[in-house]
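What follows is a short report on a single structure.
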Amino acid sequence: MTLDLTSLNPAQRQAVETTEGPLLVLAGAGSGKTRVLTYRIAHLITDKRVSPHEILAITFTNKAAAEMRERLATLLGSLPGQYSSRAMWVSTFHAMCVRMLRTDAKLLGFTSNFTIYDDDDSKRLVREVMKELEYDDKRYPINAVRSRISSAKSELMGAAALAESSFTPLDKAAAKIFARYETRLLAANSMDFDDLLVNTHRLLSENVKVLDAYQDRFRYISVDEYQDTNHAQYAITNLLAAKHRHLMVVGDDDQSIYSWRGADIRNILEFEHDYPEATVVKLEENYRSTARILMAANAVVANNTNRKPKTLFTSNAEGEKIASYLASDERDEARFIAGEIERLGRAEHRRYTDFAIFYRTNAQSRSLEDALLRAGIAYKIVGGTRFFDRAEIRDVMGYLKAVVNPADEISLKRIINTPKRGIGDSTIDKVQLVARERNVGFEDAMRAAVEEDWLAARARMSLLGFTQILDELRVLEGDLRDLVEMIVEKAGLIAAYEAERTDEALGRAENIREFFTVVSEFAASHDEPSLPAFMEWLALRTDLDSVDECVDEFVTLMTVHTAKGLEYPVVFVAGLEESIFPHQNSMFEPASLEEERRLAYVAITRARERLYLTHAYSRSIFGVTQHNSPSRFIGEIPAEHVEASGVGSVGFSGTGWEKRGDRSGSYGHGTAESGGRVFGSGTRQVPAAGSSAGGGAFGARSAGPKRKEQTETFSVGDAVDHKVFGRGTVTTVNGDALEIRFDRTRETKKLLVGYAPIVKIKQ
């Protein structure tokens, strides 16, 4: 079998056929880099007869890894079994590291069943360490301390090296906390996310036989999104590739936007210095966006100096001009966006899934959410509170972690009195003190407390009950879902919530039952669905791995950082003002400003067909009203590609929505059917008699969202129906504000009577 490469453009084909030696592929946005990566691997296997066993492909999200595996399975489907892609390692950096560490954890002092601490677990442990060392978290904020520790780990600096380089009191404190934190992690047989990289680098650099084995196995290595690698990932990659040097890195320096979490743009900019014999291929043909959107993106990013020159081009249509809208304030901005979603939905028959709204910071989402709710537009925020971050789900995971890893002190402390079993903080503190004095684990000290008499009899009995539950949980057997259900049942979590008999508690019980569905889905999609494998899968999940769940029903809201790697037919970028975007923390430092510009480039290139850039004359954020000038990034787009509208387009001023008439260069008119302005007519019309010259934000409303005449009253317990969210039950009534728990989404939303599209269901 020979792989057909005729569908590739010349640059893509060159990248695919360059298989020997180092290769740098500079892949512009929407240029088909995933296609190149998969075709190159398939070419190695089909035409070069390289064993899949000898190939390592590293991506940056679990979704990207799954997509690559699926594409490879399709391309290699008819090959004999020895050429199956199943033998290949296709994974994220962290998943690859976990796989290596599970095999050789003992070389670093861990056991193979070590726990992976997520952000919440890590924060709890750092807080405990600070308390032990008597550091005041007001003087030494815990987030700042954790940031120092994480940065040091990303640079492969240990606690001693951090202490040597510390000058400020905060850095010196962080170094001491770092040292104790690492000791506690090792004692708990646990690693945080940074440790997965740090310990893998230790494993490879300190154990020659292990490194030789992986170098001999992985003769061909590819790394996607190379511009997002930090120093630890860079060092691991170079260790693995040092023997054969068949290293392909793919990335776009113009999309390097994660320096705040350790990404180093120098890794891609200086690749040719590290590998002087490297071949460089540029992918500049974009298959995603219209020509106007690409011309805007090129014009903006060209203002950066620290980049490798490249210019995106496309054979797609020229497309609509980019809409730049000046709002009076953030509420006006949000109403305009909601109105355009409604208008395009009607005029172009678009679904909610076609729309995405981006913003620079999460604080900007509030006014957008309010406008969407008032308009009855369903939306989903990516990066908000995740299902797995809910307290009740974390409690379940605490029990599962304690079953898998008895040394996991943080998980034991989380569940020791959940549900309540009479074990208070003073008891926990005494057990922990004994554990430290005797240099034993928390569970060992807890069991000693049961046998000895240094605790009150009541506390000892409570601890005895907890240890008996742990013993019972650890001998349970069964299929994964049955096992998880039995653990939850014996722990008494659902029973405790149901006993409370409140809507909130019952909702938490429902969430735990939904967790069982997650377990079933994992079991169905994995060959060996064990409890440790399930816990590892949960620990390595990210927000981006669930971005498109239920996507058919929602407009998507997210920060621009979260949007990287995604694309939508219609994109709104809100808050394009100086000090907002670019952010005030980055405006006055050249390197930081260039990253802000790359962030704008990312936002622009997510749009396929239509792009809206909005900004406001005034904006209230964090309780302070600001008057910011339009973002320089709007000004960097050539005027011939932009159509400006809003307050400034016809000379209106002020903040009252009802004061303005023209939004798109044409007046609308009220009609008996719509009761408001008609957008996008393209001609200037005289307002009809008796109509308002001021236009509504939603196309079919005047003067903003028009309140319906209130004819119904609502009480707690009323059954209602919402045109988007479906049926629900009123849980709280506060004047015109209702809190309604919806059956389908299992979420409680706050809506306003007279604005929200809700009706009472007669029973």
Side-chain angles (χ1 to χ4, degrees), residues 1-91 217-226 241 244-252 278-291 294 310-317 548 565-567 605 608:
M1 173 182 174
T2 301
L3 188 67
D4 182 9
L5 303 179
T6 57
S7 62
L8 303 176
N9 67 39
Q12 290 174 334
R13 184 158 185 165
Q14 181 188 359
V16 167
E17 293 181 330
T18 304
T19 57
E20 306 304 302
L23 170 64
L24 169 62
V25 177
L26 296 170
S31 61
K33 69 180 176 67
T34 304
R35 182 179 179 84
V36 168
L37 281 163
T38 51
Y39 264 80
R40 185 174 182 273
I41 293 172
H43 174 63
L44 282 168
I45 296 171
T46 58
D47 301 334
K48 298 294 184 178
R49 293 302 179 188
V50 175
S51 168
H53 185 78
E54 298 177 305
I55 297 174
L56 170 64
I58 301 174
T59 67
F60 260 75
T61 67
N62 296 302
K63 271 190 186 304
E67 180 184 357
M68 187 178 293
R69 282 192 290 266
E70 290 171 5
R71 291 195 187 189
L72 284 169
T74 301
L75 289 173
L76 303 174
S78 60
L79 286 177
Q82 68 265 31
Y83 294 108
S84 168
S85 61
R86 294 173 66 87
M88 189 187 316
W89 280 29
V90 181
S91 70
R217 174 173 180 176
F218 298 128
R219 293 174 54 222
Y220 293 89
I221 300 172
S222 64
V223 181
D224 193 11
E225 303 287 5
Y226 196 62
H244 299 289
R245 298 178 74 83
H246 301 321
L247 172 63
M248 173 197 194
V249 300
V250 184
D252 182 5
T279 300
V280 180
V281 178
K282 295 182 180 181
L283 304 182
E284 298 174 292
E285 183 171 1
N286 178 284
Y287 295 92
R288 174 192 301 161
S289 305
T290 65
L294 293 185
K310 70 184 80 67
T311 302
L312 297 180
F313 66 92
T314 185
S315 58
N316 293 341
D548 60 359
L566 305 176
E567 58 183 77
T605 53
R608 295 207 301 259

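Nothing here was measured: the structure is a model prediction, and the numbers come from that model.
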Shortest non-hydrogen contact between G21 and H246, atoms and distance: N-ND1, 3.0 Å
Check: V50 and I55 side chains under 4.5 Å, non-hydrogen atoms: yes
Partners passing salt bridge (Lys or Arg N to Asp or Glu O under 4.0 Å) against E20 (at least two apart in sequence or in another chain): none
N286 side chain vs A29 backbone, donor-acceptor pair below 3.5 Å: yes
4.5 Å side-chain heavy-atom contact, I45 and L76: yes
Contact summary for V281 and A11, nearest pair of heavy atoms: CG1-O, 3.4 Å
Min side-chain heavy-atom separation V223-V250 under 4.5 Å: no
Inter-residue atom distance T18.OG1 - L23.CG, 0.5 Å rounding: 5.5 Å
Side chain to side chain contact (heavy atoms under 4.5 Å, CB included) evaluation trace for F218 with E54: CA-CA 5 Å; F218 298 128; E54 298 177 305; over 6 Å; no
Flag, side chain of R288 to backbone of T605, donor-acceptor distance under 3.5 Å: yes
pair L37-D224: side-chain heavy atoms closer than 4.5 Å: yes
Member of K310, K282, K33 meeting the salt bridge (charged side-chain N to carboxylate O under 4.0 Å, His left out) criterion with D252: K310
Student check: side-chain heavy atoms of V16 and L8 closer than 4.5 Å: yes
Minimal non-hydrogen separation, A42 against L72, with atom names: N-CD2, 4.1 Å
Inter-residue atom distance L56.CG - S222.OG, 0.5 Å rounding: 7.0 Å
Side-chain donor or acceptor of N316 paired with backbone N/O of S289 under 3.5 Å: yes
T2 side chain reached by T46 side chain, heavy atoms, under 4.5 Å: no
T290 side chain reached by R608 side chain, heavy atoms, under 4.5 Å: no
Partner residues of R245 under the salt bridge (Lys or Arg N to Asp or Glu O under 4.0 Å) criterion, sequence neighbours left out: E277
Pair R35, S7: side-chain N/O donor-acceptor within cut-off below 3.5 Å: yes
Atom pair CD/CZ of E67 and R71 - distance to nearest 0.5 Å: 4.0 Å
N9 and Y287 side chains, donor-acceptor separation under 3.5 Å: yes
For the student: nearest non-hydrogen atoms of T19 and Y220, plus distance: O-CE2, 3.3 Å
Polar side-chain atom of R69 near backbone of A64 as donor-acceptor pair, under 3.5 Å: no
Those residues that, when tested against E284, pass side-chain hydrogen bond (donor to acceptor under 3.5 Å, both in side chains) (two or more places apart): none
Shortest non-hydrogen contact from S31 toward Q12: O-NE2, 3.0 Å
Evaluation steps, side chain to side chain contact (heavy atoms under 4.5 Å, CB included), between L24 and T279: CA-CA 6 Å; L24 169 62; T279 300; over 6 Å; no
Closest non-hydrogen atom pair between L3 and D47, with its separation: N-OD1, 3.2 Å
Validation row: V36, R13 side chains within 4.5 angstrom (heavy atoms): no
Check: R217 side chain, H53 main-chain N or O, donor-acceptor pair, under 3.5 Å: yes
Distance in Å, L44 CG paired with E17 CD, rounded so as to fall on 0.5 Å steps: 11.5 Å
Derivation of the side chain to side chain contact (heavy atoms under 4.5 Å, CB included) call for V25 and M248: CA-CA 7 Å; V25 177; M248 173 197 194; 3.7 Å; yes
